[in-house]
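Quick note: numbers below take in every heavy atom, side chains included, and nothing from hydrogens, waters or symmetry partners.
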Amino acid sequence: MVVELPNTGDTRGSSFSVPVELVDSSFPVADIHLATIAPGAVRGNHYHVLRHEILLVLASDRWSLHWDEGPGETPQSRRFEGSGAVLVYVPTGMSHAIRNDGSAALTMVGLTDGPYDPDQPDVYPRAVVSLVP
């Protein structure tokens, strides 16, 4: 599921809200991480076995989302341009990656329904995109 979030900001700046149905009791947030993605870089190219994830991407330039529906499935992609925020729901088993195709850094917030354990990170590589656009 990909949702382009409406900007409800004002003269102070942008403001984006996650739809309440995605963060109700069916998605108990157990981990939150904040990351940036430099121009030309990719984050992801992996899947999770135990955890679902909600990714919030705040962009001001071009970027692309890449995913598959499981092992052996053809990778898919969607491109975005301009300023805005996008929510991506990532179920278990779905490899996913975000590539920054623009010239400004992207900001990403990740929410998962299971805690992050650095000794068992629940991150398994399966590439769905390369660095070259």
Please list every donor-acceptor pair under 3.5 Å in which a side-chain atom of residues 57-65 meets a protein atom from a residue at least two apart or in another chain.
from	atom 1	to	atom 2	distance (Å)
Asp61	OD2	Ser103	N	2.7
Asp61	OD2	Ser103	OG	3.0
Arg62	NH1	Asp101	O	3.2
Arg62	NH2	Asp101	O	2.7
Ser64	OG	His66	NE2	2.7
Ser64	OG	Asp101	OD2	2.7

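- The side chain to side chain contact (heavy atoms under 4.5 Å, CB included) check on Pro75 picks up Val128, with sequence neighbours excluded.
- Ring pair His46/His96 is perpendicular by interplanar angle, where above 60° counts as perpendicular and below 30° as parallel.
- A 4.5 Å side-chain heavy-atom check between Trp67 and Val88 finds every atom pair outside the cut-off.
- When all heavy atoms of Pro115 and Ala30 are compared, the closest pair comes out as N-CB, 3.6 Å.
- Within 6.0 Å of atom CD in Glu73, more than 12 heavy atoms from other residues, nucleotides or ligands are found, so the atom counts as buried in its surroundings.
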Practice prompt. For the pair Thr8 and Phe16, evaluate side-chain contact (heavy atoms from CB on, under 4.5 Å) and give the outcome as yes or no after the intermediate values.
Written response: CA-CA 6 Å; Thr8 58; Phe16 303 92; over 6 Å; no
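- Both Leu50 and Tyr47 are members of a single hydrophobic cluster when ILVMFWY side chains are connected at heavy-atom separations under 4.5 Å.
- Cluster annotation: Leu131 and Ile37 are assigned to distinct hydrophobic clusters (Ile/Leu/Val/Met/Phe/Trp/Tyr, side-chain heavy-atom contacts under 4.5 Å, transitive).
- Residue Val2 is not grouped with residue Leu5 when hydrophobic side chains (ILVMFWY) are merged at heavy-atom distances under 4.5 angstrom, including chains of intermediate members.
- In the hydrophobic clustering of this structure, Leu106 does not group with Val18; members are Ile, Leu, Val, Met, Phe, Trp, Tyr whose side-chain heavy atoms approach within less than 4.5 Å, directly or through other members.
- Proximity of Thr92 to Val49: side-chain heavy atoms (C-beta onward) are nowhere separated by under 4.5 Å.
- Proximity of Val123 to His48: side-chain heavy atoms (C-beta onward) are separated by under 4.5 Å at one or more points.
- To the nearest 0.5 Å, the span separating OG on Ser17 from CG on Asn7 amounts to 10.0 Å.
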Practice prompt. With side-chain contact (heavy atoms from CB on, under 4.5 Å) as the test, would you mind laying out the steps for Arg79 and Arg99 before giving the verdict?
Written response: CA-CA 10 Å; Arg79 298 183 187 283; Arg99 183 175 64 199; 3.5 Å; yes
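- Within the 4.5 Å cutoff, the side chain of Asp113 has heavy atoms near those of the Pro28 side chain.
- Hydrophobic clustering of Ile, Leu, Val, Met, Phe, Trp and Tyr side chains at less than 4.5 Å, counting indirect connections, keeps Met108 apart from Ile54.
- Side-chain contact check for Glu53 versus His33: some heavy-atom pair is nearer than 4.5 Å.
- Here the straight-line distance linking atom CG of Asn100 with atom CZ of Arg43 works out to 11.0 Å at 0.5 Å rounding.
- Between Val129 and Asn45 there is a side-chain heavy-atom pair separated by less than 4.5 Å.
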